[in-house]
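All values below were derived from every heavy atom in this structure, side-chain atoms included, with hydrogens, water molecules and symmetry-related copies excluded. When a residue number appears, it is its place in the shown sequence, counting from 1.
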Amino acid sequence: MALSCRGLCSGASLILLYGKRPVGVKASLCTPRLASTKSSSVWFVRHYSPSQARHGIGRSVVSGLKWANEKYERFLQRRFPRFYVIYHTFMRGFRLLFQDGKEVRRIVARMLSERIEHQNLPYHDMEKIRQVRRDLIKAIPLVILSIPPFANYVVFILMYLYPRRLLIRHFWTPQQLVEFQGVYHAQRAEHHWAIVKGMESTSTSVQDSRLKSRLTELCSKVRSGVHPVVSDVHAVRTLFSGPPLGIKRMYADQMRHLCALLFLTPRLPGFWIGRRLNSHAFELMQLDRAIVRLGLHQLNDAELREACYVRGLNPDRLSPGQCREWLTQWIQFSTHLKESETSLYLHCMVLLTVNFPKHQSH
């Protein structure tokens, strides 16, 4: 009897697995046990679906990788502290770059869904788009170089040796950020007096004697170390919307010196340089109007310093109060400019920055 019951249960197992009863096997008293087993398996399938199983495995894999990464970082920090600083900076840079990408994607999606013009965006959104676009332009050549097989190792060495030239700000340490901004400002400061000299030489072609004297006086004040006021600049604004200092009328050498203020390459044809200068200056003018809509008091100290730096002032040795004072004066100047006066905007990145915070004119 035991043998026959074992045979029936074995046959019932075949029924459960293959869906049909083998020849010569009949249901008997063991059939209720098979029904109970089948209902248990159905309950398991209903409550533990393949998607849930995959999700559980995924969480286990992620937690395992996170644990291994933390252990690896502790090992580097303990045994190779200098390399750990580089590794930590790179990992932090990738996280920041990924966050910026997500933020720009959100801003663009909002612009498309709500039909918001770029000039009507809030200040922080507009500044984020501007900065990410510049970062991507700088990073594209490096990405192209790393495409060939094993070229990424060479690129990594180049990034380690030349971080200022090849890396974007996400991959700089805080010390490198201050140092590299100082280097870049020193490079554009080399063109300051060439720009002032170009204005002086251009004044000889001004027909209006009153405008000519005011332009000469303005250049003399800057040369003597005096920081001009906004009214001094507005007094000669008509010279920068047409000849001889308009964005489409000035000499090519003057435009190439202005390129250094915005960190643009001067190795392009003159008409192309003029278009790039005009678009970048107009973008900064829109940012100034966005600051007015936001309120200057809403900017924190880091944002104040960044805003001053972008507009030509080196905030390295300035206090937050001095940065706020200068930016207030700059906003008073720029918000009254027209779109055709981008040349004056660019020239004032020298006129209103080179002697600040020295003596002011009265």
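Counting only heavy atoms from C-beta outward, the side chains of Met111 and Ile129 approach each other to under 4.5 Å. For the pair His170/Gln99, no side-chain contact is recorded, criterion being any heavy-atom separation below 4.5 Å from C-beta on. You'll find the side chain of Arg110 reaches within 4.5 Å of the side chain of Ile116, heavy atoms only. The closest side-chain heavy-atom distance from Trp330 to Leu313 is not below 4.5 Å. Side-chain contact between Leu296 and Leu304: present, with at least one pair of heavy atoms (C-beta onward) separated by less than 4.5 Å. Two residues are said to be in side-chain contact when any heavy atoms from C-beta on lie closer than 4.5 Å; Pro122 and Leu294 fail this criterion. Residues Gln286 and Arg130 have side chains not in contact (no heavy-atom distance under 4.5 Å, counting atoms from C-beta outward). The shortest side-chain heavy-atom distance between Lys338 and Ser241 does not fall under the 4.5 Å cut-off.
Counting non-hydrogen atoms of other residues, nucleotides and ligands closer than 6.0 Å to CZ of Arg92 gives a total of 12 or fewer. Heavy atoms of other residues, nucleotides or ligands lying less than 6.0 angstrom from CZ of Arg223 number more than 12. By the 6.0 Å contact criterion, CD on Gln207 is open, its count of non-hydrogen atoms from other residues, nucleotides or ligands being 12 or less.
Residues Ile140 and Leu97 do not share a hydrophobic cluster, defined by chaining ILVMFWY side chains whose heavy atoms lie under 4.5 Å apart. Connection of Leu96 to Phe94 is not established within any shared hydrophobic cluster, with ILVMFWY side chains joined at heavy-atom distances below 4.5 Å, either directly or through further cluster members. One hydrophobic cluster, built from ILVMFWY side chains closer than 4.5 Å, cannot hold both Val196 and Tyr251; they sit in different ones. The hydrophobic cluster containing Val230 also contains Val292, counting ILVMFWY residues as joined when their side-chain heavy atoms lie under 4.5 angstrom apart, directly or transitively. No single ILVMFWY cluster, assembled from side-chain heavy atoms under 4.5 Å apart, contains both Trp172 and Val178.
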side-chain contact (heavy atoms from CB on, under 4.5 Å) between Met349 and Leu262: does it pass, once the steps are laid out? CA-CA 9 Å; Met349 292 178 69; Leu262 299 172; 3.9 Å; yes

Take Thr342 and Leu277 through the test side-chain contact (heavy atoms from CB on, under 4.5 Å) and record every step on the way to the result. CA-CA 8 Å; Thr342 52; Leu277 288 174; over 6 Å; no

Step-by-step side-chain contact (heavy atoms from CB on, under 4.5 Å) determination, Leu318 to Phe356: CA-CA 10 Å; Leu318 300 179; Phe356 187 84; 4.2 Å; yes

Which is it for Glu341 and His336 under the side-chain contact (heavy atoms from CB on, under 4.5 Å) test, yes or no, and what are the steps along the way? CA-CA 10 Å; Glu341 295 173 329; His336 293 89; over 6 Å; no

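For Gln332 and His234, the side-chain atoms include no donor-acceptor pair closer than 3.5 Å. Checking Glu303 against His124 by side-chain atom types alone, a donor-acceptor pair falls below 3.5 Å.
Here the shortest heavy-atom pairing between Arg276 and Leu264 reads NH2-CD2, 3.6 Å. The minimum heavy-atom distance linking Ile247 with Gly274 is given by the pair CG1-O, 3.9 Å. Heavy atoms only, all atoms of each residue included: Met199 and Cys219 are closest at CB-SG, 3.8 Å. Minimum heavy-atom separation, Gln119 to Met126: O-CE, 3.7 Å. What you find for Leu337 and Arg289 is that their closest heavy atoms are O-NH2, 2.8 Å. Across all their heavy atoms, Tyr123 and Leu287 have their closest contact at CD1-O, 3.7 Å.
A distance of 12.5 Å separates CG in Asp316 from SG in Cys308, rounded to the nearest 0.5 Å. With rounding to the nearest 0.5 Å, the separation of NE2 in His257 from CG in Asp253 is 6.0 Å. Taking CG of Leu284 as the reference point, atom OG of Ser279 lies at 9.5 Å (rounded to 0.5 Å). Here NE2 of His191 is found 12.0 Å from CD of Gln254. Values are rounded to the nearest 0.5 Å. Interatomic distance, Ile291 CD1 to Thr328 OG1, rounded to the nearest 0.5 Å: 10.0 Å. Annotation: the span from Ile107 atom CD1 to Asp125 atom CG amounts to 4.0 Å, rounded to 0.5 Å.
Geometrically, Arg237 does not engage Phe333 in a cation-pi contact defined by less than 6.0 Å to the ring centre and at most 45° from the axis.
When each of Arg134, Arg105, Arg169 is tested with Asp100 by the rule salt bridge (charged side-chain N to carboxylate O under 4.0 Å, His left out), just one qualifies, namely Arg169. With Arg311 as the fixed residue, the side-chain contact (heavy atoms from CB on, under 4.5 Å) test singles out one of Leu261, Leu327, Thr353: Leu327.
Of the possible polar contacts, none joining the Arg164 side chain to the Phe180 backbone as a donor-acceptor pair under 3.5 Å is found. Formation of a donor-acceptor pair under 3.5 Å by the Arg305 side chain with backbone atoms of Asn300 is not found in this model. Looking at Gln322, its side chain does come within 3.5 Å of a backbone N or O of Ser319 through a donor-acceptor pair. At least one donor-acceptor pair under 3.5 Å links the side chain of Ser343 to the backbone N or O of Leu245. Looking only at distances, a side-chain donor or acceptor of Asp232 sits under 3.5 Å from a matching main-chain atom of Val229. Between the side chain of Asn355 and the main chain of Val226, a donor-acceptor pair closer than 3.5 Å is present.
Evaluation of the salt bridge (Lys or Arg N to Asp or Glu O under 4.0 Å) rule for Glu103 yields Arg106 as partners, not counting sequence neighbours. Partners of Glu339 by side-chain hydrogen bond (donor to acceptor under 3.5 Å, both in side chains), not counting sequence neighbours: none found.
Classification of Glu217 and Arg214 as a salt-bridged pair fails, no side-chain N sitting under 4.0 Å from a carboxylate O.
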